[in-house]
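Worksheet: the structure to be examined is printed underneath.
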Amino acid sequence: MKRVRVIGTGSYLPEKILTNSDLEKMVDTSDEWIVARTGIERRRIAADNENTSDLATKAAQRALEMAGVSADEIDVIVLGTITGDYPWPATACVVQHNIGATNAYAYDISAACSGFVYALSNAVDYLQAGRGQKALVIGSEVLSRVIDWTDRNTCVLFGDGAGAVVLDLQDGDSGVLSSHLHSDGSYLELLYQPGFSTRHMATPEAIAAKTNTLKMQGNEVFKVAVRSLTDVSKEALAANQLTSEDVKLFIPHQANRRILEATAKRLKLTDEQCFINVQDYGNTSGATIPIAMDEANRQGLLQEGDLVLMAAFGGGFTWGSSLLRW
Ligand code: UT7
C-alpha cells in the first residue's frame with residue numbers, strides 16, 4: 001500500500017523577540033498574568049521588510065534541504081495562512097516563485113489556526129489519489145500586523161513564524177493514516193478579523209475602528225477549543241483502532257498552555273507524550289504545528305514507526321486532526 005510520508009521538515013522564526021516584560025511597557029499587563037493564564041513567555045515579531053511569503057520561503061527551503069529534494073520535484077504547494085502577503089493572489093504562488101518550484105501548482109488555505117492541518121489533508125488527498133509524487137505543505141503567519149497592540153486581551157497571545165514539511169508518496173505502512181476536518185461558521189464572531197475586506201472596506205470609519213485587527217472573545221473560545229481538540233483527537237484514534245497509549249508524540253496547535261494541558265488530561269496523555277513550545281513563540285496560528293514538528297524532529301524525538309497525533313482549532317470555527325506513522 002502507498003502512504004504519504006513526511007521526508008523533511010523546516011521552520012523559520014523571525015529574529016526579533018518580544019518578551020512579556022516588553023509588553024508590560026505597552027499595555028496594562030504583567031509577566032505573571034501572561035505566564036499563569038497562557039504559558040507564553042516570549043514571541044517572535046517579523047521585521048518591517050519581512051512578509052508571510054519570506055518566512056514561508058525560508059521554512060520551505062529548510063524542509064527541502066532536509067528532504068534532499070529540489071524545488072522542481074514538487075508537484076503541489078499548499079500554504080495555510082490568514083495573513084497572506086496580498087488579499088490575492090495566493091501567497092503560495094509567491095513562495096513557488098521564490099523557491100523555483102516551476103512544476104508545482106500552488107494555492108492558499110484559509111482555515112485560521114487549523115490552516116496547516118487542513119493544508120496537509122488537501123495535499124495528502126492529492127498525492128494519495130495518484131495525481132502527484134511530492135508536495136510542500138506550509139503554515140506561515142505574520143500576525144503581528146493584524147494585532148491591536150493596545151488590546152491586552154489579544155496582543156499578549158500571538159507571534160510570527162513559519163513551518164513546512166515535504167511529503168512523498170511511498171510504499172509501506174508509514175505515513176499519514178487519516179485526517180478529520182470540521183467547521184462551524186455559527187461561531188464566526190468569537191474569533192475573526194472583520195476587515196479590510198469586501199464586507200468591511202477600508203473607509204475612514206473602519207480604519208478608526210481598527211476593523212483590520214483580530215477580535216476575540218477569549219474565554220468563549222477556550223471552552224470550545226478544549227472540547228473540539230479532545231473530540232477530534234479521539235475521532236482520529238478511534239478511526240484507526242488506536243488508543244492514547246499508542247501515541248508517541250501529541251503535537252497540538254500551540255494556543256495556550258492551559259488549553260493544551262486540559263486537552264491532554266482529557267485524552268489521558270502524559271507530559272512526555274505532549275510537545276509544547278508555546279512559551280517561546282506564542283500562538284502563530286497556522287504555523288504552530290509545523291514549527292513544533294520541525295523542532296521535535298530536529299531534537300530526535302521522532303523515530304521511524306512513531307505514532308504522531310496532530311490536532312488544531314481556530315477561527316471559523318475550524319478544527320481538525322491528523323494521525324501520522326513517522
Ligand atoms: O488559536 C485559537 C485562538 N485563541 C485561543 O486559543 C484563545 C483562547 N482563550 C484563552 O487563551 C484565554 O481565554 C485568555 C488567555 C485569552 C484569557 O484567559 P482567561 O482566563 O479566559 O481570562 P478572561 O478573559 O476571563 O479575563 C480575566 C481577567 C479580566 O479582568 P476582569 O474582567 O476579571 O477584571 C481581563 O480583563 O483578566 C483580564 N485580562 C488581563 N489582565 C492582565 C485579560 N487580558 C489580560 C492581560 N493582562 N493581558
Side-chain angles (χ1 to χ4, degrees), residues 12-52 55 80-85 110 112-115 139-163 187-197 200 202 206-225 253-260 276-288 291-292 312-317:
Y12 173 76
L13 282 310
E15 261 175 48
K16 184 180 171 190
I17 297 172
L18 186 73
T19 64
N20 291 350
S21 60
D22 294 330
L23 283 163
E24 286 176 353
K25 296 174 196 118
M26 297 161 63
V27 288
D28 181 15
T29 191
S30 65
D31 174 52
E32 198 185 5
W33 190 96
I34 301 171
V35 171
R37 300 288 180 127
T38 74
I40 300 166
E41 296 168 22
R42 59 192 77 81
R43 69 286 292 144
R44 301 296 183 93
I45 305 293
D48 290 346
N49 63 353
E50 275 184 320
N51 295 302
T52 296
L55 276 55
T81 189
I82 46 166
T83 52
D85 288 19
S110 174
C113 300
S114 309
S140 183
E141 306 282 7
V142 179
L143 288 159
S144 60
R145 306 238 170 98
V146 300
I147 296 298
D148 178 354
W149 289 102
T150 65
D151 175 15
R152 71 174 184 175
N153 291 296
T154 53
C155 77
V156 303
L157 303 173
F158 298 95
D160 302 334
Y187 290 104
L188 187 145
E189 289 186 5
L190 291 186
L191 177 56
Y192 77 131
Q193 184 189 326
F196 301 127
S197 58
H200 297 285
I207 292 167
K210 296 186 182 173
T211 304
N212 62 325
T213 59
L214 182 151
K215 316 288 179 208
M216 182 175 74
Q217 290 176 37
N219 42 21
E220 294 302 316
V221 175
F222 194 108
K223 286 178 239 164
V224 189
H253 166 51
Q254 310 279 316
N256 175 325
R257 181 179 281 273
R258 283 161 56 220
I259 291 179
L260 306 189
I276 299 184
N277 63 3
V278 72
Q279 67 280 357
D280 293 326
Y281 309 126
N283 182 346
T284 58
S285 189
T288 67
I291 291 171
F313 176 86
F317 286 160

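Scope of the values below: all heavy atoms of this structure, side chains included, with no hydrogens, waters or symmetry mates.
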Open item on the list: A side-chain contact here means heavy atoms from C-beta on lying under 4.5 Å apart; do L13 and I291 qualify?
Closed with: yes
Open item on the list: What I'd like to find out is whether the side chain of T213 reaches to under 4.5 Å of the side chain of I147, using heavy atoms alone.
Closed with: no
Task: Side-chain touch F313/V224, heavy atoms, less than 4.5 angstrom - done: yes
- [ ] Give the minimum heavy-atom separation between M216 and V221, together with the two atoms involved.
- [x] CG-CG2, 3.9 Å
Task: Any donor-acceptor N/O pair, T83 side chain to V142 backbone, under 3.5 Å - done: yes
TODO: Test R43 against every option in I17, N20, L157 by the side chain to side chain contact (heavy atoms under 4.5 Å, CB included) rule and name the one that passes.
DONE: N20
- [ ] Apply ring pair (Phe, Tyr, Trp, His ring centres under 6.0 Å) to F158 and list each qualifying residue two or more places apart in sequence or on a separate chain.
- [x] none
Open item on the list: Could you check whether any side-chain N or O of Q279 sits under 3.5 Å from a backbone N or O of E41, counting only pairs where one atom can act as donor and the other as acceptor?
Closed with: no
- [ ] Taking the side chain as every heavy atom from C-beta outward, state whether R258 and F222 have any pair of such atoms under 4.5 Å apart.
- [x] yes
Open item on the list: Under the side-chain hydrogen bond (donor to acceptor under 3.5 Å, both in side chains) test against R145, which residue among D48, N51, T52 passes?
Closed with: N51
TODO: Flag the pair V35 / R257 as yes when at least one side-chain heavy-atom distance between them is below 4.5 Å, and no otherwise.
DONE: no
Open item on the list: So, taking the atom named CG in N256 and the one named CD1 in I34, what distance separates them when rounded to the nearest 0.5 Å?
Closed with: 12.0 Å
Open item on the list: Side chains of D31 and E24, heavy atoms from C-beta outward: is any pair under 4.5 Å?
Closed with: yes
- [ ] Compare all side-chain heavy atoms of S114 with those of F317 and state whether any distance is below 4.5 angstrom.
- [x] no
Task: Close side-chain approach of V278 and T38, heavy atoms under 4.5 Å - done: no
TODO: State which residues pass side-chain contact (heavy atoms from CB on, under 4.5 Å) with S110; sequence neighbours excluded, sorted by chain then number.
DONE: I82
Task: Qualifying salt bridge (Lys or Arg N to Asp or Glu O under 4.0 Å) pairs with a residue from residues 149-162, counting only residues at least two apart or across chains - done: D28-R152
